[in-house]
Amino acid sequence: MEVGPVWESVLEQTKSAQDKNSDPLVWAVQLSSRLNSAGVSLPSIDLAHLLVSHICWDNHLPITWKFLEKALTANFVPPMLVLALLSTRVIPKRKFHPTAYRLYMELLRRHAFPLKCQINGQNYQKIMKSIDDVLHLSLIFGVQVSEPGLLLVEFVFSIVWQLLDASLDDEGLLELTPEKRSIWPTVTQDMEIDTADNFNETRSAHHDVLYKGNTMIAIEIIGEFLQNKVTSRILFLARRNMPSHWEAFIQQLRVLAAKSVELRNSKHITPENLLQLTSDTHNVLSRECKRISQQALHAVMGDGSLTSPSGQWHGTSPSALWLPIDMFLEDAMAGPQVAASGAIDRLAGLVKALQAVNGTTWHDTFLGLWIAALRLVQRERDIIEGPVPRLDTCLCMLLSITTLVVANIVEEEESELIDETDCSPSNPTKEKQTMGRCRKGLISSLQMLGDYEALLTPPQAVCSVANQAAAKAIMFHSGLTVGNGYYECMSINDMPMNCSGNLRHLIIEACISRNLLDTSAYLWPGYVNVRANIPHSVPSQVPGWSSLMKGSPLTPTLINALVATPASSLPEIEKIYEIATKGSDDEKISAASILCGASLVRGWNIQEQVVLFIISLLSPPVPADYSGSESHLIRYAPFFNVLLVGISPVDCIQIFSLHGMVPLLAGALMPLCEVFGSTAPNVSWTLPTGEELTSHAVFSNAFTILLMLWKFDHPPVEHVMRDATPVGSERSPDYLLLVRNSKLSAFGKSAKDRLKIRRMSKILNFCMEPIFMDSFPKLKRWYRQHQKCIASTLSGLVQGTTVHQIVDALLNMMFRKIGRAAQSSTSTTSGSSCSSASGAEDILARLKVPAWDILEGAPYVLDAALTACAHGRIAPRELATGLKDLADFLPATLGTIISYFSAEVTRGIWKPVFMNGTDWPSPLANLSVVLQQIKKFIAATGVDVPSLETGGSSPAMLPLPLAALVSLTITYKLDKSSERSLVLLGPAMSSLGGSCPWPCMPIISALWAQKVKRWNDFLVFSSARTVFHHNSDAVVQLLRSCFTATLGLSPSIMCSNGGVGALLGHGFGSHFSGGMAPVSPGIMYLRSHRTIRDIMFMTEEIVSLLMFSVKEIASRLSQEKMEKLKKTTFGLRYGQVSLGTAMTRVKLAASLGASLVWLSGGLSLVQSLIKETLPSWFISAHTPELDRGEPGGVVSMLRGYALAYFAVLCGTFAWGVDSVSPESRRRPKVLDSHLEFVASALDGKISLGCDYATWRAYVTGFVSLMVGCTHKWVLDVNVDVLKRLSNGLRQWNEEELAIALLGLGGATAAGTAAELIVEIGA
């Protein structure tokens, strides 16, 4: 600093007083007079620099230190600046000036902790800027923000760190730290031997004792900083906002704790205490975050522990915490979900969200997950028979998807632990030693799972597999080591007696196969019956996977065995994959059959690998020696056909969907469709069965699967039904490719993906290049025609063109037995004529054209056929037969039939036809029975059947295109060959029938119930769902039933206990002799919500039902307990059992509401709720009667907390608790908008219509949950909004919550948090 006249006089005065050994008080009075006359404001930055420079080191005397102390107590100099200046001068010289170091530490104890007066004093910002200049804090910590509050955090951190480095250096331990040096100038510097006038410090024994004693004092002061309420919180801010520097600090502290002699000799602090002060469990601010959250919601709700198997079915039991998982699993069974993330990522996000918000251990979380998945399987035990099997997909969810979810969570945590271990020299990386809380929780949850015997009973279809798993454990327990081949050839009679395999044994095997457990699980107490009788002789060898691994060739017997038996390990599947890629043509076909057999459907331990191998095989690379003009894919036609037929069953498609592989499968199918659809069927291949295979068949198989993947089976009218975006967007091949390309381009970049790669097969050959629709011109052209057909009526068929000739040939093929009708129908559309002399062979010859050409003409054929039928030129039966002939000739035309008929129904230009039993099939034989059964179904869910218009005088009327579609479906036989066609036609017919006026869908169900009587219950249920499409009030009633059933508020015996059992019941099955069991409201809703016209109105209805439910819950508190509650202070700081019970149910109601919103409308509906619905609700006026005239009453408070929990759960379901999912990128905008509304209301800028108690409970509850459960969310919020929120909370005396909120807001908010910490003090 430049020394001006004022400071020269001050220096002279100080030297004079020093020489006279004046009283420091006299010196201070004279100094104050001089500074006042000079107009110097106090505390003075320049005076601090002057005094410290004067002492160090020419005037290092007791009197000068007394002058400095007096200047500090008189507020002449800023204490923090003086301490900063001294640290840079004293600490490096501490070895030669131990007295100065001792005095510095004494000043630390006196002036480093009382910070409130300093941050409220004059020149605070200038002082902190000066400290930054002295210590270079911004440069060292790399923080660009230079707010004084943040500099305060850095200053406190730097002081403690300097003391730590000095202590390590004094004991010779600095070399043991990772950096082996200090970032601070703390290392003792060489200097000349001091003169005697510097306190007469000589190299004496006293000097050495003082030097060593300083080290112990410095360590104790470090402990004081970590113990003090204010400074410990400030240090926690440093930890959160400067993680890399904090990690370096902690590593050095661990070295001190492990090696320091002075620390072990200290009487005031121990190494264990010092480490405990910096641990996760001690961090004051972190504990405060959790305490606030628990105080707001968890403390009176129970800990969420699943301790009693008997409580699993009841609404107030802890297992109800996991209700969203039950609902998600049930909803996932509805059909392929075309999304960037499959069921694994979505379920993992849901599990992490519930674990965070519920504040449960991983033991309870995983136990809740397993129980929910087991309940899903048990609901399939007596399922109503229908066209869509569900057992295998439910087992896939339990044994493959759920296991992979657990694996992702466990590996994600342990990879972070390994990364931390890598950074620590004292803890060398050893993966085996890195067992995180998640894995420990998994193990304990699986051990406890054995107590839930009722849920573990395996379905009859997998009893033998479960017994094999149990037998494997029994053999291991007995010390016998046998290979997999032993179990393959064991018959029921060969099994150990009383092995009693169950679903838990299958779960354990799935976990072992993914390295989540080892075989020590076989030794768990009670895992198997160790007294089971073990057969003494190994049964004779039969062909199986062990034979294959030993080198046996693929004989027919072995192939059949491998198709029927799932592989148990990755090497077995890799062996088949190698045969499929490198074997002979016959071996490749056999390998394809094996891959698509039991290993795909029930190979739960390796299912994700099988799915990837199949997709890879559908996209073989171009051989290096290939030089043909046609596509290299043509030569693989028989091989492709086996794969396509193998994966075409609906349950197989669902398995691909659950694993999130729909976009990748679509990317593999599109090239096949393009190539084989462009190839004329002039060449055929003879299959081993003797059948002839043409390009048309391969194309149809690939194209049919592709249509199923992008929800083609849902007709265009669905877009009208749900107020969705126009036709095209998320239901197109373009969207599938977009998702595929996005997944592949991002794959491998995240830590989560790198963990997945470790589990994937190393021999997998997968194309990672992006694919675009422009690469498939034929497919693109067809899709444009498809969109055009939906958007408008047909036009543009020109006579004499190739398309016209194909249309002519197709009509003649369809109606060749009625040539006149065909001729008339053709001329109706195009004016052409057809020679009646044309024979069948001539027609087929004319149709030997590429499949794309036939699909181009198909809409004109359908238009001509419908027109002819409408004008009576062909009979309805002939129309149905002709359509069947068209579909048999090229099954791919079923897609065109569906889209064209759906579009025509939507346009409403065709008159309805009378289903009279003469021209059209009649439903009258059982229609009245179906209608009565529908009423019973609906009534059982608590919904009054609304009065629906019949659409005409006769109940048996259908629009002509729909009648034609129904007649076509009835012509199919229920055999294996027709299954793929019905899987495509059935959902489309159901969706289209549901969108038509009542009672179209009951008519369809009645017709099909006549054809397949055993499907009657399924068909009736399908019709019952359409009630909710036609009537919004019925939807509201169903939602209300869901709430009352779940909360146990219904008078029904079935729902009296509430919880998952009441909401989802026993699934969808016939449990009563001679009749149907009533379908629970949850099952009905989850099967119906996709048919609801307008989902946007549902957020308001769900909020209203949630508020009504809270009122009903609160009304059940006894009057006596209500009186007790009124006497308590505001907030949930009490633990009465009655309120705890009420809060548990409130939490359950909010959880149900959040699940309904998320499952019904996904991300967009959640965002609409948070951004629009909730602000509107708070602004709207609510009558006092609802709260019984209690402005601050319990009902109002419970409502606020219910809405807070509801909103946070909705957000965590949609966005996640972290920032790794693609959906989380949309969180900042919506969350910031909502909290801007909250902050504006707190500022008084917005008038609220709700009760004050409700508003306060909502705000404190929402912020508490953010602070305690969703830390990443806070970083998404604008800092100014956070500061306004904290100010509003302070006005409510919620300072702790305000600090916690700011502490999570990043570096910019950390400064404000630090100042608030200092402001409220200890």
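Everything numeric here is computed off the predicted structure, so don't read it as measured data. Every heavy atom of this structure was used, including side-chain atoms; hydrogens, water molecules and symmetry mates were not.
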With a 6.0 Å cut-off on ring centres, are Phe703 and Trp782 close enough? yes
Using modelled atom types only, decide if a donor and an acceptor are shared between the side chain of Ser700 and the backbone of Ala892 within a distance under 3.5 Å. yes
List the steps and the verdict of side chain to side chain donor-acceptor pair (under 3.5 Å) for Tyr1085 and Ser1160. CA-CA 9 Å; Tyr1085 182 81; Ser1160 300; 2.4 Å; yes
Counting only N and O atoms by type, is there a donor-acceptor contact under 3.5 Å from the side chain of Ser990 to the main-chain atoms of Gly986? no
I'd like to check the salt bridge (charged side-chain N to carboxylate O under 4.0 Å, His left out) partners of Asp885; sequence neighbours left out, ordered by chain and number. none
For Arg907, enumerate each residue passing the salt bridge (charged side-chain N to carboxylate O under 4.0 Å, His left out) test, keeping only those at least two apart in sequence or located in another chain. Glu904
Which residues share a salt bridge (charged side-chain N to carboxylate O under 4.0 Å, His left out) with Arg980, sequence neighbours left out: none
Donor-acceptor check, side chain of Thr704 to backbone of Asn701, threshold 3.5 angstrom: yes or no? no
Suppose we screen for salt bridge (charged side-chain N to carboxylate O under 4.0 Å, His left out). Which residues come up paired with Lys911, at least two apart in sequence or across chains? none
Between side-chain atoms of residues 1002-1011 and protein atoms elsewhere (two or more places apart, or another chain), which donor-acceptor pairs fall under 3.5 Å?
{"unit_1": "Ser1005", "atom_1": "OG", "unit_2": "Met1001", "atom_2": "O", "d": "3.2"}
{"unit_1": "Ser1005", "atom_1": "OG", "unit_2": "Leu1019", "atom_2": "O", "d": "3.0"}
{"unit_1": "Ser1005", "atom_1": "OG", "unit_2": "Ser1023", "atom_2": "OG", "d": "2.3"}
{"unit_1": "Trp1008", "atom_1": "NE1", "unit_2": "Thr969", "atom_2": "OG1", "d": "3.0"}
{"unit_1": "Gln1010", "atom_1": "NE2", "unit_2": "Ser922", "atom_2": "O", "d": "3.1"}
{"unit_1": "Gln1010", "atom_1": "NE2", "unit_2": "Asn926", "atom_2": "OD1", "d": "2.9"}
{"unit_1": "Lys1011", "atom_1": "NZ", "unit_2": "Ile970", "atom_2": "O", "d": "2.9"}
{"unit_1": "Lys1011", "atom_1": "NZ", "unit_2": "Tyr972", "atom_2": "O", "d": "2.9"}

Which atom of Ala1045 lies closest to which atom of Ala1062, heavy atoms considered: O-CB, 3.2 Å
For Phe656, what residues pass the ring pair (Phe, Tyr, Trp, His ring centres under 6.0 Å) criterion, not counting sequence neighbours? none
Between Trp710 and Tyr783 (judged by ring centroids, cut-off 6.0 Å), do the two rings come close enough to count as a pair? yes
Find out whether Val905 and Cys996 are in side-chain contact, i.e. whether some heavy atom of one side chain is under 4.5 Å from a heavy atom of the other. yes
